[in-house]
Each structure stands twice: as structure tokens, then as C-alpha cells.
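In this text the structure is predicted, and so the values were computed from the model without any measurement. Proteins come first, then strands; the chains are lettered A, B, ... in the order of their sequence lines, and each starts at number 1.
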2 protein chains.
Amino acid sequence: MDSGKDTAPIDLDIRPILAAKGIPFTRQRRDVWRYFLDSERAATIPEAVEDLAPRGIGQATVYRTVTLLAELGLLHRVQDRAGEVCYTAIRVGHRHPLICGECRRVVGFSGNNDLSELQRRLESETGFSIYGHHLEVYGICPECQARGIDL
Amino acid sequence: MDSGKDTAPIDLDIRPILAAKGIPFTRQRRDVWRYFLDSERAATIPEAVEDLAPRGIGQATVYRTVTLLAELGLLHRVQDRAGEVCYTAIRVGHRHPLICGECRRVVGFSGNNDLSELQRRLESETGFSIYGHHLEVYGICPECQARGIDL
DNA sequence: CCATATGTGAGAACTATTATCGCCTTGTGT
DNA sequence: ACACAAGGCGATAATAGTTCTCACATATGG
């Protein structure tokens, strides 16, 4: 429940979100969601499969659920320095991930509104109808720096 | 062999880039690069494999070359609305892709310097040592809108 | 508590990606 | 231009990742 580190005590309860779309709230979906929510670092699907197997959650279910959550905008797809595709839970509000390319630790931050300004500029310049954006910032976290890992 | 003296002017000549790293410039590498450069839309690797096969370029070579070009920062990895991972050629300068989530048409734009400001802010707030960022803007291009595709 | 629709797990099937290995091309020195 | 050494190339095999199928279990509404 209490994962509050920073300011917002954001333990996002997905039950109402699923209910609003008529999607049943199952133990497996709750566990997969909490797996990503409780972890501070992004995980690949195979990793999630392995970690969730002891809880009796099947491989196919992890794939299905991660895809579902990503479609609902609850998980964010990122990649580490090796190019591995990982997923990380997204918090409420308009937040973006700052990812350690080495250990995949993820810290969320709020984008300023420069982006909506940019978005408007692009819409008028290109005629595109913009539905979203993806901003990911990559770096090396303090702990990995302390381990001697450099840019 | 049809690889005659094709001295046509290329937008971005990667030969010096490869030469600087001691990487041989082969016909296949040129063709793969031009495939992405000439196309306005992002393509998946399997698509590139299929399109380049008639030119006698093998599957393994496409994988190798796309990986190489991506590592050199010449190709950018993006994804469409269906979550398909695609690649698109990157132009010189600090540019970001504006991608049509439907047809994958890609238009580059220059990011403003708000991002470097944001980057500095994040470095001091989080202690991360930041090495880069990824900004992708997604929308529906005018042509797809004209086709009746909506957000 | 029952009925019904839907999600789930195990494994098969399929697709994508990487490794292997002789042959061939590129780049360099003469 | 020519030859040689280094390394890339294509075809195939092997592996890894993802999706599909179906009998069964579980969540939701009455």
C-alpha cells in the first residue's frame, strides 16, 4: 500500500479503472500490476514471467496482462542501454520516466508545460493531429555511479 | 552483379562515418541505410528483410546492419499504435521524430532547448548523471485523417 | 448461491532473433 | 592494377520471445 517516497502517496488502485471498462478484476491482474508498481525498476516480460511464476501466474497471463495494462496507459514501455524492452508502472498525473540505463531504476518526474506548447506548434506546422508523446530521460543513477559505472 | 558505378548523390553519406570507425562500407550496408533514408515511414526489421530480399540482401545481414546503424545513432527506434517496434533514419542535428501512429510516416523536428534546462534540473534533483533523452511525439498525419482515421 | 461470461494455465505453434560456417568482398600495400 | 589479409555475407540451424488453443476455474450480476 504505502509506497510513498516523494510527495504523492500514489498507490494507484486499478480496480475502478478496470471496472469502468467492464474488465474483471482478478488476482492475477492485481499481482501483475503490483509487481510493476512495487518495483522501482523497469522489468522485461520474461523477467516478470519468472518472478510471478512462484505465485502461480502463467506465462500467457503475464503477456496478456502486460499488454492490457500498457493499452490502458498504466505501464510505460522503455528500454535500457542494451536495448532491452522493459515496462514500468506509470503514476497518475502527467509524469515521465527517468531511467537508469544500467540498473533500470526508474524515477518519475513531471514534465513542464513546454511540451504542450511544442505540441501545439507541431500541430499547426505539420497538420498532424497529436494524441500523445513519449519523453524518456536516460542516465546513470547515483548508486550505479558509486559502483564505478560511467557514461 | 549489378553493383556498377552508382555515384548518385546521397542525402547523408555514411561512408565517412563508418570509415572513421574502421568499419568497411559494403553494398549491403549502403542499401539498408538507403532503404530507411529513402522511406518516409518507419519500418520493422521483418519488413525491411522482406523489402531488401529482392536486392539479394540476407535476413541476418539486415538484423546485423540495423543493429549496427542503431548503435551508431543513425537509426531511431520507435513504435506505432499497435506497439510494433520500428526503425527510422535520423537526420543530422538534434532532431526528434513526430510519428503517425497509423501509417508510421515520420517527420523530424528540432527540439527546443527546454529539454537541456529540464535535464539540468533533473540532474541536481536526482543525482542522476544524464546521458540522453528520447522524445517522440505521436499523432495522426493529415493523409490518414483524410482517410477518416480518428484519434 | 447459482448461472453465465470471461479469464486462466499448460503446452503447442508460430514468429522473431541470434549463432554458425564456408565463400566472397572490401580495404590496404605494393 | 594486383594480391593478400581481414572481415562481412548468405543460408541454415538453433534459440528465444510471443501468440494461440482449449478444458477448467473464477469473477460478477441476479
| field | Sub-6.0 Å ring centroid separation between A/His134 and A/His76 | value | yes
| Between C/dG7 (P) and A/Ile57 (CD1): distance, integer Å | 16 Å
| said: Tell me the interatomic distance from A/Leu68, atom CG, to D/dT18, atom C1', rounded to whole angstroms. | reply: 17 Å
| task | Give the rounded distance in Å between these two atoms: CD of A/Glu47 and P of D/dA16. | result | 15 Å
Check residues 137-151 of chain A and write down every donor-acceptor pair under 3.5 Å in which the side-chain atom is one partner and the other belongs to a residue at least two apart or another chain.
{"from": "A/Tyr138", "atom 1": "OH", "to": "A/Gln79", "atom 2": "N", "distance (Å)": "3.4"}
{"from": "A/Tyr138", "atom 1": "OH", "to": "A/Gln79", "atom 2": "O", "distance (Å)": "3.3"}
{"from": "A/Tyr138", "atom 1": "OH", "to": "A/Glu136", "atom 2": "OE1", "distance (Å)": "2.4"}
{"from": "A/Glu143", "atom 1": "OE1", "to": "A/Arg105", "atom 2": "NH2", "distance (Å)": "2.9"}
{"from": "A/Gln145", "atom 1": "NE2", "to": "A/Ile140", "atom 2": "O", "distance (Å)": "2.8"}
{"from": "A/Gln145", "atom 1": "NE2", "to": "B/Gly127", "atom 2": "O", "distance (Å)": "3.0"}

| Please give, in whole Å, the distance from C/dT25 P to B/Arg30 CZ? | 14 Å
Which donor-acceptor pairs under 3.5 Å do side chains of residues 21-28 of chain A form with protein atoms, sequence neighbours excluded?
{"from": "A/Thr26", "atom 1": "OG1", "to": "A/Arg29", "atom 2": "N", "distance (Å)": "3.2"}
{"from": "A/Arg27", "atom 1": "NH1", "to": "A/Arg55", "atom 2": "O", "distance (Å)": "3.3"}

| note | To the nearest angstrom, the OH-P distance between B/Tyr87 and C/dA16 comes to 13 Å
| Should the pair A/Glu125-A/Arg121 be classified as a salt bridge under the 4.0 Å nitrogen-to-oxygen rule? | yes
| message | In whole Å, I'd like the distance from the CD atom of B/Glu84 to the C1' atom of D/dG17. | response | 13 Å
| field | Under 3.5 Å: donor-acceptor pair, side chain of A/Glu47, backbone of A/Thr44 | value | yes
| said: Using a 4.0 Å heavy-atom cut-off to protein, can you give one letter per nucleotide of nucleotides 19-29 of chain D, 5' to 3': B if the base is in contact, S if only the sugar-phosphate is, - if neither? | reply: BB------SS-
| said: Expressed as a whole number of angstroms, how long is the span from B/Glu71:CD to C/dT18:P? | reply: 11 Å
| said: Whether A/Arg29 contacts C/dT8 is assessed here as follows: a side-chain N or O lying under 4.0 Å from the phosphate OP1 or OP2. Is that the case? | reply: yes
| said: Between B/His96 and A/His133, is the ring centroid distance below 6.0 Å? | reply: no
| In whole angstrom, what separates A/Glu50's CD from D/dT18's C1'? | 17 Å
